[in-house]
Amino acid sequence: MTQPASPARPVTEKSPPPDGAAGPWRALAARADLRTLSLLGVLAALVVIGGVTQPDAFLDTDNLQLVLTQASVIGVVTVGMTFVIISGGIDLSVGAIVALASVWATTVATQEYGFAGILFTAVVVGLGCGLVNGLLIAYGGMVPFIATLAMLASGRGLALEITDGKTQMVTVDGVLRLGERDAYVLGVPPLVLVFAAVTVVGWLLLNRTTFGRRSVAVGGNAEAARLAGIDVRRQRLYLYLLSGLCCGIAAFLLVVLSGSGQNTNGNLYELDAIAAAIIGGTLLSGGRGTITGSVLGVLIFTTITNIFALNNLETAVQQIAKGAIIVAAVLVQRRASTT
């Protein structure tokens with residue numbers, strides 16, 4: 001005789017994964033939180049140092065507004081740079097793009113179209129340069145270092161050709177008024193508000209959208225991302241377009257801040273943006289990074305520069321200090337990745 005069939009087992013909910021499965025993610029989140037707290041601690045220490053060495057000048061409201069305003073321009077560039085580095089790329093041309101966009105937007109012909117013409121030109125030039133970089137890297141197969149280095153050289157050269165080495169003064173009242181105190185909103189300069197908006201959009205794009213997840217995947221393992229169905233080449237093109245867009249916005253902010261367009265604008269912005277991203281925890285090898293950390297890195301570098309300037313330290317000392325900070329940050333990253 002055959003045994004009667006045993007009754008079907010009731011369907012039950014799946015048990016939660018063991019602690020070991022969630023362990024790596026919890027450890028990663030804890031490490032990110034620790035890094036953010038560390039950066040906040042460094043920034044707080046710098047504020048204390050500035051307040052002790054130059055209490056009247058550093059803690060003055062005008063000086064603090066100046067620090068935030070100066071951080072806004074390079075900060076917008078750094079947001080775009082963070083996305084590029086997370087994807088495993090690099091962009092050495094951001095400073096040259098800012099210079100080219102700023103001088104192209106301040107020519108006499110462009111200024112005839114007023115505020116909208118200057119803003120439109122700066123953004124379009126930034127996007128155009130980002131498009132060239134993206135096409136060369138994603139579809140031309142060029143190494144990002146070489147492609148963006150070529151853009152750096154050609155962008156600087158074209159900016160010099162447009163200006164003939166002269167400063168182009170802005171005559172559009174609408175642009176100039178944005179840099180005046182009357183345009184401040186509750187004591188906050190408009191440039192800082194733009195920087196805050198770009199930061200929020202960048203954070204949402206990286207952490208709450210498919211675009212951000214694809215960027216991290218491409219930086220972590222491009223081949224695995226391709227096998228997972230991600231169009232790696234198109235994603236890289238979009239990322240360099242995003243970097244170019246941020247450079248165009250930064251160029252407009254710089255025009256507002258300085259009231260002019262110069263071929264020397266954006267000098268060493270590529271180094272400052274890369275350094276700020278690294279300080280913020282973005283891996284040069286790609287696959288990891290945060291917008292919050294990069295923004296804190298920008299604020300740290302800008303505060304250091306301001307403190308050095310108030311204490312009449314030479315520019316050479318500032319550059320040496322920045323270089324030492326970059327080396328220390330990379331060493332910390334390598335130590336953390338091996339533990």
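Positions are given from 1 along the sequence. All figures in this text were calculated on a predicted structure; none of them were measured in a lab.
- In this structure a side-chain-to-backbone donor-acceptor pair under 3.5 Å is present from Thr69 to Gln65.
- For the atom pair Leu257 CG and Leu178 CG, the distance stands at 11.5 Å (nearest 0.5 Å).
- The closest side-chain donor-acceptor pair between Ser215 and Gln235 falls under 3.5 angstrom.
- Atom OG of Ser258 is separated from atom CE of Met169 by 8.0 Å, given to the nearest 0.5 angstrom.
- Exactly one residue among Ile86, Ile230, Leu239 makes a side-chain contact (heavy atoms from CB on, under 4.5 Å) with Val218. That residue is Ile230.
- The CD1 atom of Ile97 sits 10.5 Å away from the CZ atom of Arg156 when rounded to the nearest 0.5 Å.
- More than 12 heavy-atom neighbours from other residues, nucleotides or ligands sit within 6.0 angstrom of CZ on Phe308.
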Candidate pair Arg236 and Asp231, rule salt bridge (charged side-chain N to carboxylate O under 4.0 Å, His left out), full reasoning
CA-CA 9 Å; Arg236 284 175 174 162; Asp231 191 331; over 6 Å; no
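- Taking CD1 from Ile274 and OG1 from Thr282, the interatomic distance works out to 11.0 Å, rounded to the nearest 0.5 Å.
- No continuous path of ILVMFWY side-chain contacts below 4.5 Å connects Phe120 to Leu254, so the two sit in separate hydrophobic clusters.
- Distance check, rounded to the nearest 0.5 Å: CG of Leu39 to CG of Leu296 gives 5.5 Å.
- With a 4.5 Å cut-off on side-chain heavy atoms, Gln168 and Ile162 count as touching.
- In this structure, Ser154 contributes its side chain and Met151 its backbone to a donor-acceptor pair below 3.5 Å.
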Residues Gln111, Thr171; criterion side-chain hydrogen bond (donor to acceptor under 3.5 Å, both in side chains); working and verdict
CA-CA 7 Å; Gln111 292 194 54; Thr171 59; 3.1 Å; yes
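- Atoms CG and OG1, from Leu46 and Thr303 in turn, are 6.0 Å apart once rounded to the nearest 0.5 Å.
- Between the side chains of Ser93 and Thr148, not a single donor N or O lies within less than 3.5 Å of an accepting N or O.
- A donor atom on one side chain and an acceptor atom on the other are found under 3.5 Å apart for Asp91 and Ser243.
- Salt bridge status for Glu223 with Arg226: present, with a side-chain N to carboxylate O gap under 4.0 Å.
- Note on Leu135 and Val232: separate hydrophobic clusters, where clusters join Ile, Leu, Val, Met, Phe, Trp and Tyr whose side-chain heavy atoms are under 4.5 Å apart, directly or indirectly.
- With hydrogens and angles disregarded, no donor-acceptor distance shorter than 3.5 Å links the side chain of Asn306 to the backbone of Thr302.
- Between Phe83 and Tyr240, the distance from one ring center to the other does not fall under 6.0 angstrom.
- For OH of Tyr113, the number of neighbouring non-hydrogen atoms (other residues, nucleotides, ligands) closer than 6.0 Å is 12 at most.
- Counting heavy atoms from C-beta on, the side chains of Thr163 and Gln262 never come closer than 4.5 Å.
- Although no hydrogens or angles enter the test, the distance criterion places no donor-acceptor pair under 3.5 Å between the side chain of Asn63 and the main chain of Leu59.
- In summary, the side chains of Ser102 and Asn265 do present a donor paired with an acceptor at a separation below 3.5 Å, with no hydrogens or angles considered.
- Val298 and Val201 sit in two unconnected hydrophobic clusters of ILVMFWY residues. Membership requires side-chain heavy atoms under 4.5 Å apart, directly or through other members.
- Residue Glu161 qualifies as open at atom CD: its count of foreign heavy atoms under 6.0 Å is 12 or below.
- Linking Ile, Leu, Val, Met, Phe, Trp and Tyr residues whenever their side-chain heavy atoms come within less than 4.5 Å places Leu193 and Leu68 in a single cluster.
- Using modelled atom types, one finds a donor on one side chain and an acceptor on the other under 3.5 Å when comparing Thr110 with Thr107.
- Residues Val255 and Leu253 have side chains not in contact (no heavy-atom distance under 4.5 Å, counting atoms from C-beta outward).
- When the side chains of ILVMFWY residues are joined at heavy-atom separations under 4.5 Å, either directly or via intervening members, Met142 and Val84 end up in two distinct hydrophobic clusters.
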